[in-house]
Amino acid sequence: FIKYNHTHSPHIPETECAKITNVLLKSRTGEFDLESIMFLKLRNLGIYDLGCIGDCINLERLDLSGNNITNLGPLSPLRRLLVLNLSANRISNLEPLSSCEGLQSLNVAGNVIPSVDNLHALKSLKKLESIRLKDNTYNYTNPVCKNSSYRTLILDIFPNMKVLDGERVVGRGSDLYQLCKDIDDTIKAGMYKNGQLPELPETKPWVDDGFWEIKRSNNAIVDEAYKQFSDVLHECRLLNSRAAHVISQNERTISLKNQPKQYAV
């Protein structure tokens, strides 16, 4: 079991990879041509040098969480990158990501980003709609999160932000939150005026028909969730198949052992 720190990546054995190389990328993905790589997961490998990662110019989803990365410079050529997970590293400067113009989701929880000023470099990323600087599940945070108003400041920089630290700030989720907040405020203020209950308008459904139906989206964040769920489901099916095979073999072995021995006369 590895215990994670607030702002530092977990201790990684030195026997793991220190630098991203062509050999590492090809062995991890099975792709001979680096430009063919679209999805890449290099978690908890002790990486501190991103090496030739910039050669994967068609990369769309990249997970580099749990490493020792400080310099993001090699990521600057990845203009098609949609989802980037850099949680649990040692990053303080996000400026190299300003050229990743397709970026929609960024996770930098568990790093050493000192202030909101460091996020101004990403203001030009018009498609960026999700940023995570803090993750209470793993006790990840950043020094910037000590500023009690950092959420407000970030939303001022990114007016199109939809999700901050895993919580919706716009869209269906935030609308419901605001509705509940308005109700609470009304109750606290008191419903009675001059001793009489004011007339209330006719009640209407909170949401339209079909609101709760699950619909596929082109959004990269939703697609990533579907992909992760599909991966887990695939692994479960493989485990189930292996378990059924082992059980079948054991049953056959037990059956053979229980058969009465026959002796030639």
Side-chain angles (χ1 to χ4, degrees), residues 4-10 43 47-48 50 53-54 59-178 181 219-222 224-225:
Y4 294 90
N5 203 338
H6 280 264
T7 56
H8 296 88
S9 58
R43 298 186 300 186
I47 295 169
Y48 65 84
L50 293 175
I53 189 71
L59 203 57
E60 293 184 357
R61 292 177 174 82
L62 176 60
D63 187 347
L64 291 167
S65 59
N67 288 291
N68 297 309
I69 300 165
T70 58
N71 178 24
L72 300 180
L75 296 179
S76 57
L78 305 181
R79 299 181 182 278
R80 297 189 179 183
L81 196 61
L82 301 176
V83 179
L84 177 59
N85 186 350
L86 293 167
S87 61
N89 278 280
R90 299 177 182 178
I91 299 162
S92 60
N93 181 18
L94 300 174
E95 189 171 354
L97 300 180
S98 61
S99 60
C100 300
E101 54 192 28
L103 195 61
Q104 295 182 9
S105 173
L106 174 64
N107 185 349
V108 287
N111 281 279
V112 287
I113 298 170
S115 70
V116 174
D117 292 338
N118 297 84
L119 294 163
H120 275 282
L122 306 182
K123 190 174 183 179
S124 61
L125 301 180
K126 303 303 181 183
K127 297 181 180 180
L128 187 60
E129 56 187 28
S130 173
I131 294 179
R132 185 183 281 275
L133 291 163
K134 182 170 62 175
D135 191 335
N136 293 329
T137 303
Y138 299 103
N139 205 22
Y140 290 164
T141 185
N142 278 277
V144 62
C145 300
K146 294 179 181 179
N147 184 338
S148 59
S149 59
Y150 86 95
R151 288 178 60 88
T152 302
L153 295 173
I154 290 175
L155 294 178
D156 287 340
I157 299 173
F158 304 100
N160 296 325
M161 189 63 53
K162 293 182 179 179
V163 181
L164 178 59
D165 294 338
E167 299 179 5
R168 275 195 168 274
V169 293
V170 296
R172 292 176 175 178
S174 63
D175 291 343
L176 180 58
Y177 170 80
Q178 187 62 45
K181 184 176 183 299
N219 184 283
I221 301 173
V222 177
E224 177 68 9

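Sequential numbering from 1 along the given sequence is applied to the chain's residues. Worth knowing before you read on, the calculation uses all heavy atoms, side chains too, and leaves out hydrogens, waters and symmetry mates.
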Practice task
Can you measure from OG (Ser105) to CD (Glu129) and round to the nearest 0.5 angstrom?
Solution key: 8.0 Å
Exercise for the section: Flag the pair Tyr150 / Asp165 as yes when at least one side-chain heavy-atom distance between them is below 4.5 Å, and no otherwise. Expected result: yes
Practice task
May I ask you to test the Lys162-Ser130 pair for a side-chain heavy-atom distance under 4.5 Å?
Solution key: no
Practice task
Might you point out which heavy atoms bring Ser76 and Ser99 nearest each other, and give the distance in Å?
Solution key: O-OG, 2.6 Å
Fill in the blank from the handout: On a heavy-atom basis, the closest approach of Gly102 and Leu82 is O-CD2, 3.4 Å
Problem - Gly54 to Pro77 - nearest heavy-atom pair and separation - result: O-CB, 3.8 Å
Exercise for the section: Inspect the surroundings of CZ in Arg151 and state if more than 12 heavy atoms from other residues, nucleotides or ligands are less than 6.0 Å away. Expected result: yes
Problem - Whether Asn85 side chain and Leu64 backbone form a donor-acceptor pair below 3.5 Å - result: no
Handout entry: Spacing of CD1 belonging to Ile53 relative to CG belonging to Leu59, to within rounding of 0.5 Å
Key = 5.5 Å
Completion exercise
From the list Asn89, Leu133, Asp135, Leu84, side-chain contact (heavy atoms from CB on, under 4.5 Å) with Val108 holds only for Leu133
Practice task
Answer yes or no: is there a side-chain heavy-atom contact under 4.5 Å between Leu122 and Phe158?
Solution key: yes
Problem - Straight-line distance of Ile157 CD1 to Thr152 OG1, nearest 0.5 Å - result: 11.0 Å
Exercise for the section: Any chance you could lay out the side-chain contact (heavy atoms from CB on, under 4.5 Å) test for Leu94 and Leu119, step after step, and finish with the verdict? Expected result: CA-CA 7 Å; Leu94 300 174; Leu119 294 163; 3.4 Å; yes
Exercise for the section: Answer yes or no: is there a side-chain heavy-atom contact under 4.5 Å between Asp156 and Val116? Expected result: no
Practice task
Mind checking the CG-CG spacing from Leu75 to Leu50? Nearest 0.5 Å is all I need.
Solution key: 5.0 Å
Fill in the blank from the handout: Between Met161 and Val169 the two heavy atoms that sit nearest each other are O-CG2, 3.0 Å
Practice task
Taking Asn118 for its side chain and Ser92 for its backbone only, find out whether a donor-acceptor pair lies under 3.5 Å.
Solution key: yes
Exercise for the section: Check Pro96 against Leu72 and note the closest heavy-atom contact, atom names and distance. Expected result: CB-O, 3.4 Å
Problem - Separation between NZ of Lys134 and CD of Glu167, rounded to the nearest 0.5 Å - result: 8.0 Å
Practice task
Could you grab the distance from atom OG1 of Thr70 to atom CG of Asn111, nearest 0.5 Å is fine?
Solution key: 10.5 Å
